[in-house]
Number of protein chains: 2
Amino acid sequence: MEFDDKIPIYYQIKNYLYHQIVTGELDPGEKLPAVRQLAVDVTANVNTVQRALTEMINEQIIEPQRGKGNFVTIDVDKIKQLKDKLVKEQLTIAYQELHDLQLSDNEILEELRKFMKNRGVENE
Amino acid sequence: MEFDDKIPIYYQIKNYLYHQIVTGELDPGEKLPAVRQLAVDVTANVNTVQRALTEMINEQIIEPQRGKGNFVTIDVDKIKQLKDKLVKEQLTIAYQELHDLQLSDNEILEELRKFMKNRGVENE
DNA sequence: CCTAGTGTATTAGCTTACTAGTACACTATA
DNA sequence: TATAGTGTACTAGTAAGCTAATACACTAGG
C-alpha cells in the first residue's frame, strides 16, 4: 500500500479500513484480517496497524474479541453515519479550498463537470 | 494561525502563501513580509517558515534577494499555472475520495449542490 | 562607517510517528 | 492438554519535524 508521507500512516490505514467498511467490502459483523496479516497487507508495522484499530474500536466502528479477532460493527446505522461523515468532510475541505482560490459556486460546479468529462483522458 | 497536526506545518505555510499569491493578496513582484515577521504572523518558528520559503524558491514562485527580502515572481503565467494546479489537485483528491465511497458522478454533483445550498446554515 | 533590517546557515534538544522485537492473555481445536 | 492463531502491551531505537538560539552575509540609509 502506498502512503502519503505528509499524513501519519496509522491515519491512512484507518481511512483505508473506513472505506472497506463503508463500501461493503467488509460487511457488518464480518471479521477483519488478523492484525499481523493486515500489517503484511498494507506493508506497515503491527503496532501502527494496532494504533489505527484502537482508534476505530474507541469509535465503536469495529469490536475486538480477544483471542478471536476484530469484527465490523453490526450497527448498520453507525456505518451509514460514517459514510455521511466522510462525504461531508470531503465536500467541506474541497469546497473551502476551491472557494479560497476565489472560485464561485458556479465555477466550482463547472470545473468539477469539466474534470469528470476529461477524467481518464490523461491516463493514456 | 491554526494548523492541522496531521500535516507538516511547513507544508501548511506553503499552502497559505500559495493562496495569498494566487488570490492576489500578494501581487506579482510584491515583497513578502520578512521571514521573522512571517514567523510571528503564522505563529511558527523562523526555520519552519524558511523551509516553506526555500521550497517555493526552488519552484520559482518567489525570488529571494539577499539583504532585501523575498519577492513574488513577476511571471504571471507561472501564477496562473499554480492556480490551475491547486484547483486540479483539489478536484482530483475530492473526486477520488467520493468516488471511492461509491458515489456516482451525478451523486457527487448532487451532494455538492446540496452542500452549497445548506452551507452556513449550521454555523448558527 | 555604523546600524538596523534583511536572508541564510548551523547546532542542539524535544516530540511524534514508525519500526522491531518480545511477551502475555485468550480462544479454538486437534 | 498442547498448540496455533488471535488481540494486546511494553520497551528500545530511529527518523522527521519543530523549536530555540546563535551567528553570518548582504543591503539600505543616516
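If you're wondering where the values come from, they're calculated on a predicted model, not measured in any experiment. Per chain, numbering begins at 1; letters A, B, ... match sequence-line order.
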What is the distance from [atom1] of [X] to [atom2] of [N], rounded to the nearest Å?
X	N	atom1	atom2	result
A:Tyr11	D:dA16	OH	C1'	20 Å
B:Gln50	D:dA23	CD	P	19 Å
A:Leu32	D:dG5	CG	P	19 Å
B:Ile13	D:dG17	CD1	P	13 Å
B:Tyr10	D:dA16	OH	C1'	9 Å
B:Ile57	C:dA9	CD1	C1'	13 Å
B:Gln37	C:dG7	CD	P	11 Å
A:Ile7	D:dA16	CD1	P	18 Å

First of A:Arg51 and B:Asn47 reached from the 5' end of DNA chain C, by closest nucleotide: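 Nearest-nucleotide comparison on DNA chain C picks B:Asn47.
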Within the structure, does a side-chain N or O atom of [X] lie under 4.0 Å from either OP1 or OP2 of [N]?
X	N	result
B:Asn70	C:dT6	no
B:Thr48	D:dT19	yes
A:Lys68	C:dA28	yes

Side-chain-base donor-acceptor pair under 3.5 Å for A:Arg36 and D:dG7: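 Counting by modelled atom types and ignoring angles, a donor-acceptor contact under 3.5 Å is found here.
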No-H, no-angle donor-acceptor pair, B:Asp5 side chain to D:dC18 base, under 3.5 Å: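 Checked by distance alone, the answer is no.
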First encountered from the 5' end of DNA chain D, between A:Gly67 and B:Ile9: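 With B:Ile9 and A:Gly67 compared, the 5'-side residue is A:Gly67.
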A:Asp84 with A:Lys88: basic N within carboxylate O range, under 4.0 Å: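 Not counted as a salt bridge, because no side-chain N and carboxylate O are separated by less than 4.0 Å.
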Minimal non-hydrogen separation, B:Gln12 against B:Met1, with atom names: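 Heavy atoms only, the tightest pair is O-CE, 3.9 Å.
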Minimum-distance nucleotide (side-chain atoms of B:Pro64 versus D:dA20, C:dG7, D:dA28):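 For the B:Pro64 side chain, the nearest candidate turns out to be C:dG7.
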Nucleotide nearest B:Arg66 (side chain, heavy atoms from C-beta), chosen from D:dT19, D:dT8, D:dC26: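 Taking heavy atoms from C-beta onward, the closest nucleotide is D:dC26.
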A:Glu30 side-chain N/O to A:Phe71 backbone N/O, donor-acceptor pair under 3.5 Å: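 Such a contact is absent between A:Glu30 side chain and A:Phe71 backbone.
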Donor + acceptor pair across side chains of B:Asp41, B:Gln37 (<3.5 Å):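 The answer is yes; a qualifying pair exists.
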Nearest-0.5 Å distance that lies between atom OG1 in B:Thr54 and atom NZ in B:Lys14: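 One finds 10.5 Å between OG1 of B:Thr54 and NZ of B:Lys14.
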